[in-house]
2 protein chains.
Amino acid sequence: MTVPSDRKQRLLDAAETLFCDNGFHATSLRQITTAAGANLASVNYHFGSKHGLIAAVFERFVGPINAERLRMLHDADGDAEAPDLEAIVRAFVAPPFRFRHAHQERAQRAMRLYGRTHSTADPSLHAIFVRQFDAVRQRFGAAFARALPDLPEADLSWRLHFLIGTMAQTMADPDRLAALSGGACDPSDVDATLSHLVPFLVAGMRAPRSDTVSPNPAPRAVAAPRGRRPS
Amino acid sequence: MTVPSDRKQRLLDAAETLFCDNGFHATSLRQITTAAGANLASVNYHFGSKHGLIAAVFERFVGPINAERLRMLHDADGDAEAPDLEAIVRAFVAPPFRFRHAHQERAQRAMRLYGRTHSTADPSLHAIFVRQFDAVRQRFGAAFARALPDLPEADLSWRLHFLIGTMAQTMADPDRLAALSGGACDPSDVDATLSHLVPFLVAGMRAPRSDTVSPNPAPRAVAAPRGRRPS
DNA sequence: GTCTATATCCTGATAGAC
DNA sequence: GTCTATCAGGATATAGAC
């Protein structure tokens, strides 16, 4: 009790790595226990089930990140009437990129896993995620509302959604950016990442209200290809 | 040959629906064939393997979307020296939202599936996606470079990455936005979605260059929780 | 707490009749 | 092209010795 089982930690570490590389569903308990040097039955003993292990892996790194977000948010707005928008954005997006692990490689993997789980198709995993995340989202929603008092509520909800999506995708898929930029961008450089991400998001949050822009032109539908078409 | 097998279409339809609801990996061929009223062996006959079916499902709806993107891009910039930024953004993000299927419900499901596949963990699925997508990405990258001639190349790559992420997440997870906005946002309204999304992205793309903003403050690391800590 | 051994079920794929 | 029947293997989970 005073010193948690080393096996348990190693199971979490191995699961985190394998989940990130291959996804939750494609990773078997056998792979995990083998990589951790543990027995197959140990997962059920420590975590009850595979689902319990997934939840434990996820909560282990999302907990500190959300705590740091709230801490930075408290420093940033401190009940001010008009808190600094950039500081709020930074409080939201910086912690997951600054997550540190014993090894930097593992920190990057955890970040990727975090970003990908944002848009997982599996409903039960989605539930784990949403439960941990929605409190943070609401707290930041209120801060953004104070920082952008003239923005209608609907616009604010949309933009918070966009902001989360931008962050999640940036975390989820750093390799593609590195490859397609021909080496011009280095997603492993946290400071560089934030120096691009934060201004992009701040500008987006400050965009003109949607009711002041012109309507959408050319609403041409994209036809779905069907096997048979009337001709 | 003249009339493609009805079974084949029904398999694609059923697979699309189930893949969207439960993910690729969690959906079995038995579920698909049962839903399609077909035999288990029919998948291997028509598509060779489950992987072949996944690729076929994906290509069926991503092909027309990318074609429409390129068509709209051609209309928008037409080799102009300084094409309209908003038109380029719209050419990129509008087609997937305007994708139409025989039933509107299915169109929404296809859109969700598309958005989620952007950040799939499975490497072989990722490959299917990237192959279809990178040509479009390069073409749009060139158009953005013409529309934003003063932006350094690295900034451009970063922002294109952000833009794609915002779009993907918006497509992937419409339900959460609807729930958390308390009904203020309606993600099923395509015009409303675009009227919020496009200004956000245009403003982000026009943000100040990253080398003109102040450096990042407070690089405090988020500590990873470990079982044992030196005390 | 950790192990072996096993139960039970489901997966993708295929052989071969029709 | 479509079917039935089946194969070979992997999945999670558990019972029970130590």
Side-chain angles (χ1 to χ4, degrees), chain A residues 1-58 60 120-125 127-128 226-228, chain B residues 1-58 60 120-125 127-128 226-228:
Chain A
M1 191 65 86
T2 52
V3 175
S5 162
D6 187 55
R7 280 280 203 291
K8 195 168 173 176
Q9 292 300 320
R10 286 176 44 198
L11 283 171
L12 285 169
D13 290 343
E16 189 175 270
T17 301
L18 288 164
F19 286 157
C20 174
D21 289 345
N22 309 319
F24 293 112
H25 212 100
T27 304
S28 71
L29 296 184
R30 280 177 175 81
Q31 287 176 271
I32 294 167
T33 52
T34 300
N39 187 271
L40 176 60
S42 58
V43 168
N44 272 36
Y45 176 79
H46 285 293
F47 304 100
S49 67
K50 184 182 184 180
H51 190 268
L53 174 60
I54 293 173
V57 165
F58 192 72
R60 185 173 66 149
T120 180
D122 189 309
S124 65
L125 300 187
I128 296 174
R226 299 288 297 175
R228 290 173 294 180
Chain B
M1 189 65 85
T2 51
V3 174
S5 160
D6 188 54
R7 281 277 203 293
K8 196 169 174 178
Q9 292 300 321
R10 284 172 52 191
L11 283 171
L12 285 169
D13 290 343
E16 189 175 270
T17 300
L18 288 164
F19 285 156
C20 175
D21 289 346
N22 308 320
F24 293 113
H25 213 101
T27 304
S28 72
L29 296 184
R30 281 174 175 80
Q31 286 176 273
I32 294 166
T33 51
T34 300
N39 188 270
L40 176 59
S42 58
V43 168
N44 273 35
Y45 177 79
H46 285 292
F47 304 99
S49 68
K50 184 182 183 180
H51 190 270
L53 173 62
I54 293 172
V57 165
F58 192 73
R60 184 172 67 148
T120 180
D122 189 309
S124 64
L125 300 187
I128 297 173
R226 300 286 299 174
R228 291 172 297 180

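The sequence lines fix the lettering, A, B, ..., with proteins before strands; numbering per chain opens at 1. Just the heavy atoms: all of them, side chains too, but no hydrogens, waters or symmetry mates, feed the values below.
- Between the side chain of B:Thr120 and the backbone N or O of B:Leu125, no donor-acceptor pair lies under 3.5 Å.
- Distance check, rounded to the nearest 0.5 Å: OG1 of B:Thr34 to CG of B:Leu40 gives 8.5 Å.
- The nearest whole Å value for the distance from the CZ atom in B:Phe24 to the P atom in C:dG12 is 14 Å.
- To the nearest 0.5 Å, the span separating CD1 on B:Ile54 from CD on B:Glu16 amounts to 13.0 Å.
- B:Thr33 is listed as a side-chain neighbour of B:Leu11, based on a closest heavy-atom distance under 4.5 Å.
- Regarding B:Tyr45, its OH atom lies at a distance of 7 Å from the P atom of D:dT2, rounded to whole Å.
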Please produce a list of atom pairs where a protein N or O lies less than 3.5 Å from an N or O of nucleotides 15-18 of chain C.
none

Q: Check the pair B:Arg60, B:Asp13 against side chain to side chain contact (heavy atoms under 4.5 Å, CB included), reporting the backbone distance first and the verdict last.
A: CA-CA 10 Å; B:Arg60 184 172 67 148; B:Asp13 290 343; 3.0 Å; yes
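- Whole-Å rounding puts the B:Leu11 CG to D:dG1 C1' distance at 12 Å.
- A donor-acceptor contact shorter than 3.5 Å is absent between the side chain of B:Lys50 and the backbone of B:Val43.
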Q) Yes or no on side chain to side chain contact (heavy atoms under 4.5 Å, CB included) for B:Leu29 and B:Ile32, after CA distance, side-chain angles and deciding distance? A) CA-CA 5 Å; B:Leu29 296 184; B:Ile32 294 166; 4.3 Å; yes
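- A cation-pi arrangement is found for B:Lys8 relative to B:Phe47, the charged atom lying closer than 6.0 Å to the ring centre and inside a 45° cone about the ring normal.
- The separation between B:Lys8 atom NZ and D:dT2 atom C1' is 15 Å, rounded to whole Å.
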Output a table of nitrogen or oxygen pairs between the protein and nucleotides 9-13 of chain D separated by less than 3.5 Å.
from   : atom 1 : to      : atom 2 : distance (Å)
D:dA11 : OP1    : A:Ser28 : OG     : 3.2
D:dA11 : N7     : A:Arg30 : NH1    : 3.2
D:dT12 : OP1    : A:Leu29 : N      : 3.4
D:dT12 : OP1    : A:Lys50 : NZ     : 3.1
D:dT12 : OP2    : A:Leu29 : N      : 3.0
D:dT12 : O4     : A:Arg30 : NH2    : 3.4
D:dA13 : OP2    : A:Lys50 : N      : 3.0

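- The CG atom of B:Leu53 sits 10 Å away from the P atom of C:dA13 (whole-angstrom rounding).
- One interatomic measurement links the two molecules: CD1 of B:Ile32 to P of C:dA13, which rounds to 11 Å at whole-angstrom precision.
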